[in-house]
Amino acid sequence: MRLYVALTKGDLTMSKTAATDEDLALARAEILYGRAALAIERLKAMIEVHSFSPVLHYWLSAAYGAAGRYEDQAETLRTAQAFHGLQMVQDNGGDVSLFNTDTDYALAVADQFINVDLMGPASLGMARGVMGGAASGAALLGYGATLFAQGRTLEAEAALGVGADDYEFHPAHSAFLSILPYCAGGNIRHAFEAMRWGAIHQRHSDEWPAFTNSRATNRPLRVGFLIYSLTGSATAEALATLVAALCDVNATVYCDNADQEMAIPGVTLRTIGDLSDDQAQALILSDEIDVLVDCEGHGAESRLLIMARKAAPVQVSWNPFGVTSGLPTIDYALVTDRVAAASETMNFVETLWPIGQVLSPFGRMGSMETLESPVHVADQIVLASLAHPATLDDQTIRLWANTLRNVPKAQLWLKHRYFVDPVLQNSTSSRFAAHGIDPDRLVYLERGETSAAAVVHASVDMILAPTGPQALFDTSILQALADGVPVMTLALPDEASATNPLSVLGLEDCVAASEQAYVDQIIRLTFNRAALNRQRAAVAILFHSSAYGDMVGFAQRLGKAFRDMFDIWALRNLTPEDRSLDRVVGFDGVGSDRDVA
């Protein structure tokens with residue numbers, strides 16, 4: 001069964017529809033100018049006539065938010081999203097009646113919407129699938145993933161939490177873990193759940209293979225990296241550059257499909273996407289890998305179950321968020337100096353191995369490409385975010401709305417692959433409208449050459465970082481800084497483990513101590529365009545001269561860390577023949593908090 005899905009926005013954009021109806025235009029004005037109670041009554045009367053209108057429900061949700069009726073706001077927004085999703089099914093040639101009654105049909109339609117990143121109607125189809133049959137881990141995984149892509153984090157947490165209880169279905173449980181850092185309780189909840197996951201899936205030491213790796217120190221170390229792909233994201237591409245820069249290391253990358261990867265000089269690429277976990281473990285064992293590094297962490301595409309089987313003498317977690325894998329079979333977790341100094345060992349099952357000020361460098365070795373300052377009409381200010389929708393929590397929306405109110409000539413551009421979805425666009429506009437921001441001041445950038453990150457950065461004055469700690473792990477911030485675009489952030493609580501990139505660069509004036517300071521600093525910077533352009537020129541220089549740009553230095557530290565880790569293992573597992581060689585020398589200052597036996 002196939003349904004053709006065209007990439008279309010339809011005509012439900014809030015800014016367009018509001019101008020076509022006098023009553024709706026009045027309700028819109030009442031919301032934006034502080035008369036929400038009148039707007040609520042007006043919109044409810046209109047909905048009695050047009051019960052299934054998505055746009056009326058989007059505006060009613062905004063009115064409830066403006067009136068402080070937050071539960072009504074959330075419930076009405078969900079209704080708008082559902083009606084809008086059904087409208088998109090119909091607009092794209094689907095059978096709405098069949099969609100509502102036939103589970104297989106709803107799931108087939110959802111899959112085709114997913115293929116074009118239209119997650120609003122896709123989540124509706126996945127929900128029909130879950131309600132129409134057993135709430136299996138696979139169905140809940142799809143439902144939770146499509147919700148999370150829209151930034152509907154609480155709903156995603158609920159769906160994936162149910163899927164996580166299906167212990168035999170690893171992807172749902174691992175996907176649940178991947179979103180927990182975005183949820184209330186963040187890293188502590190993640191640590192607890194990861195340890196529960198690890199206890200379920202780990203292989204105990206009596207099931208581990210017998211490692212016969214040579215303990216000789218006068219040979220290149222064999223290091224393997226587990227990552228889904230080395231292309232498609234700035235982080236992965238930076239890793240490819242870093243792996244190639246490692247000295248005295250024979251590197252092997254185990255990825256989903258090596259045939260789709262670019263060749264890296266001196267690096268072996270192996271395909272494991274079509275291998276079971278046991279088969280992948282056997283392949284890695286046959287390569288006699290000394291140190292195996294997981295670069296993904298938890299998620300739907302995670303291969304942590306290979307690490308659970310113990311595929312190398314030394315195993316290391318080096319995931320993007322710097323949180324625990326939960327697996328006792330992983331020996332070390334690479335973390336920033338900030339995490340190590342914060343005494344967060346209780347949140348890790350691995351031994352912490354501090355690797356420096358940043359968890360990874362960013363960019364290409366020797367690259368320092370900067371962009372010209374943007375040229376706008378007089379007084380126009382363009383603010384932007386390229387962050388994942390899940391980072392746009394309520395505090396972020398409130399803060400950015402306050403910023404737009406205080407910089408009246410400013411527009412906010414939102415760019416992410418999922419913002420192609422008109423359901424997400426209208427949902428976001430509704431949330432901003434609840435704070436009195438006209439949807440016309442929001443610009444959603446879709447796919448294409450004109451919305452590539454470098455093109456966007458060349459056109460904006462400043463990037464706004466969302467408020468939560470997970471936003472600081474978003475590579476869109478690092479990419480902006482690398483391109484020389486100023487970024488405004490909100491200071492994190494002292495106990496937060498994330499490293500603020502602006503602090504690394506010494507740009508403390510872009511790390512606001514409070515929400516008001518955040519707004520005030522944007523006003524100061526955007527008021528004086530000459531000063532803003534001078535800062536723009538300085539940002540790129542500071543970034544590329546910082547720890548983020550030190551690819552060679554980081555590669556040297558990383559290579560030494562891997563060598564020290566392996567030597568610790570070798571010392572603990574000396575054979576009688578090894579001991580006779582008197583090789584126990586030169587281990588002063590090994591960077592581990594484990595004693596060498």
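For this chain, numbers begin at 1 and follow the sequence in order. Worth saying up front: this structure is predicted, and the values here are computed from it rather than measured.
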Next on the checklist: Do Ser123 and Gln150 pair up side chain to side chain, a donor and an acceptor below 3.5 Å, judged on atom types alone?
Outcome noted: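 Yes - a donor-acceptor pair under 3.5 Å links their side chains.
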Checklist entry - Do you see a donor-acceptor pair shorter than 3.5 Å between the side chains of Gln81 and Arg78? => result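 No pair is found: no donor N or O on one side chain lies under 3.5 Å from an acceptor on the other.
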Which pair of non-hydrogen atoms, one from [X] and one from [Y], has the smallest distance, and what is that distance?
{"X": "Val487", "Y": "Ala465", "value": "CG1-CB, 4.1 Å"}
{"X": "Ser61", "Y": "Thr76", "value": "N-CG2, 3.7 Å"}
{"X": "Thr153", "Y": "Ile179", "value": "O-CD1, 4.4 Å"}
{"X": "Pro486", "Y": "Leu532", "value": "CG-CD1, 4.0 Å"}
{"X": "Met126", "Y": "Asp111", "value": "CE-OD1, 3.6 Å"}
{"X": "Ala482", "Y": "Ala540", "value": "O-CB, 4.1 Å"}

Does a side-chain heavy-atom distance below 4.5 Å link [X] with [Y]?
{"X": "Asn347", "Y": "Thr324", "answer": "no"}
{"X": "Glu261", "Y": "Val253", "answer": "no"}
{"X": "Cys295", "Y": "Leu239", "answer": "yes"}
{"X": "Ile397", "Y": "His435", "answer": "yes"}
{"X": "Phe362", "Y": "Ser546", "answer": "no"}
{"X": "Leu140", "Y": "Leu160", "answer": "no"}
{"X": "Trp318", "Y": "Leu359", "answer": "yes"}
{"X": "Thr396", "Y": "Thr391", "answer": "no"}

Sequence neighbours excluded, which residues qualify as side chain to side chain donor-acceptor pair (under 3.5 Å) partners of [X]?
{"X": "Asn257", "answer": "none"}
{"X": "Asn319", "answer": "Ser317"}
{"X": "Arg441", "answer": "none"}

Let me confirm one number: the [atom1]-[atom2] distance from [X] to [Y], rounded to the nearest 0.5 Å.
{"X": "Ile477", "Y": "Met488", "atom1": "CD1", "atom2": "CE", "answer": "12.0 Å"}
{"X": "Asp421", "Y": "Met119", "atom1": "CG", "atom2": "CE", "answer": "8.5 Å"}
{"X": "Leu226", "Y": "Tyr254", "atom1": "CG", "atom2": "OH", "answer": "8.5 Å"}
{"X": "Asn406", "Y": "Thr526", "atom1": "CG", "atom2": "OG1", "answer": "10.0 Å"}
{"X": "Tyr444", "Y": "Lys415", "atom1": "OH", "atom2": "NZ", "answer": "14.5 Å"}
{"X": "Gln479", "Y": "Ile463", "atom1": "CD", "atom2": "CD1", "answer": "10.5 Å"}

Next on the checklist: Does anything in residues 422-435 form a salt bridge (Lys or Arg N to Asp or Glu O under 4.0 Å)? List the pairs, not counting sequence neighbours.
Outcome noted: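 Output for this query lists Asp394-Arg431.
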Checklist entry - Of all residues at least two apart in sequence or in a different chain, which pass the side-chain contact (heavy atoms from CB on, under 4.5 Å) check with Glu296? => result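 Listed in chain order: Ile227, Tyr228, Asp294.
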Next on the checklist: Please enumerate all residues that pass side-chain contact (heavy atoms from CB on, under 4.5 Å) together with Gln411, with sequence neighbours excluded.
Outcome noted: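 Per chain and number, Gln411 pairs via side-chain contact (heavy atoms from CB on, under 4.5 Å) with Gln380, Trp413, Val443.
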Item to check | CD1 (Ile188) with more than 12 external heavy atoms under 6.0 Å | outcome: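 Open: at most 12 neighbouring heavy atoms sit under 6.0 Å from CD1 of Ile188.
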Checklist entry - Can Thr403 and Leu412 be said to form a side chain to side chain contact (heavy atoms under 4.5 Å, CB included), step by step? => result CA-CA 10 Å; Thr403 301; Leu412 177 61; over 6 Å; no
Next on the checklist: I'd like to know if the side chain of Ser430 reaches the main chain of Tyr58, judged simply by a donor and an acceptor atom lying under 3.5 Å from each other, with no hydrogens or angles considered.
Outcome noted: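 Yes, the answer is positive, given that a donor and an acceptor are paired below the 3.5 Å cut-off.
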Next on the checklist: Whether the side chain of Gln90 engages the backbone of Val96 through a donor-acceptor N/O pair (distance < 3.5 Å, no angle test) should be reported.
Outcome noted: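 Side chain of Gln90 to backbone of Val96, a donor-acceptor pair under 3.5 Å: no, none is there.
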Side-chain donor-acceptor contacts of residues 381-389 below 3.5 Å, not counting sequence neighbours, with atom names and distances?
unit_1, atom_1, unit_2, atom_2, d
Ser385, OG, Ala387, N, 3.2
His388, ND1, Ala390, N, 2.9

Checklist entry - Got a salt bridge between Asp461 and Arg536, using NZ or NE/NH1/NH2 to carboxylate O under 4.0 Å? => result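 Salt bridge: no.
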Next on the checklist: Restricting to ring-ring contact (aromatic ring centres under 6.0 Å, His included), what partner residues turn up for Phe554, sequence neighbours left out?
Outcome noted: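 ring-ring contact (aromatic ring centres under 6.0 Å, His included) list for Phe554, sorted by chain: empty.
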Checklist entry - For Phe52, what residues pass the ring-ring contact (aromatic ring centres under 6.0 Å, His included) criterion, not counting sequence neighbours? => result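 For Phe52, the residues satisfying ring-ring contact (aromatic ring centres under 6.0 Å, His included) (neighbours in sequence not counted) are Phe83.
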Checklist entry - Looking at residues at least two apart in the chain, or sitting in another chain, which of them share a salt bridge (Lys or Arg N to Asp or Glu O under 4.0 Å) with Glu515? => result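 Residues passing salt bridge (Lys or Arg N to Asp or Glu O under 4.0 Å) with Glu515: Arg398.
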Next on the checklist: Please enumerate all residues that pass salt bridge (Lys or Arg N to Asp or Glu O under 4.0 Å) together with Glu155, with sequence neighbours excluded.
Outcome noted: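 Expected list: Arg152.
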Which atom pairs, donor and acceptor, lie under 3.5 Å between side-chain atoms of residues 504-514 and protein residues at least two apart or in another chain?
unit_1, atom_1, unit_2, atom_2, d
Glu508, OE2, Ser503, OG, 3.4
Ser514, OG, Ala517, N, 3.1

Checklist entry - Can you name the one residue among Tyr143, Phe99, Phe113 that meets side-chain contact (heavy atoms from CB on, under 4.5 Å) with Leu124? => result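 Exactly one option meets the side-chain contact (heavy atoms from CB on, under 4.5 Å) with Leu124, and it is Phe99.
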Next on the checklist: Working note: Val539 + Val485, criterion side chain to side chain contact (heavy atoms under 4.5 Å, CB included); need CA distance, chi angles, decisive distance, verdict.
Outcome noted: CA-CA 7 Å; Val539 165; Val485 184; over 6 Å; no
Next on the checklist: Under the criterion side chain to side chain contact (heavy atoms under 4.5 Å, CB included), I'd like the reasoning laid out for Asp438 against Arg28: C-alpha separation, chi angles, the key distance, then a yes or no.
Outcome noted: CA-CA 9 Å; Asp438 193 319; Arg28 169 184 176 143; 2.5 Å; yes
Item to check | side chain to side chain contact (heavy atoms under 4.5 Å, CB included) evaluation trace for Arg189 with Glu157 | outcome: CA-CA 12 Å; Arg189 288 184 60 204; Glu157 178 187 358; 2.6 Å; yes
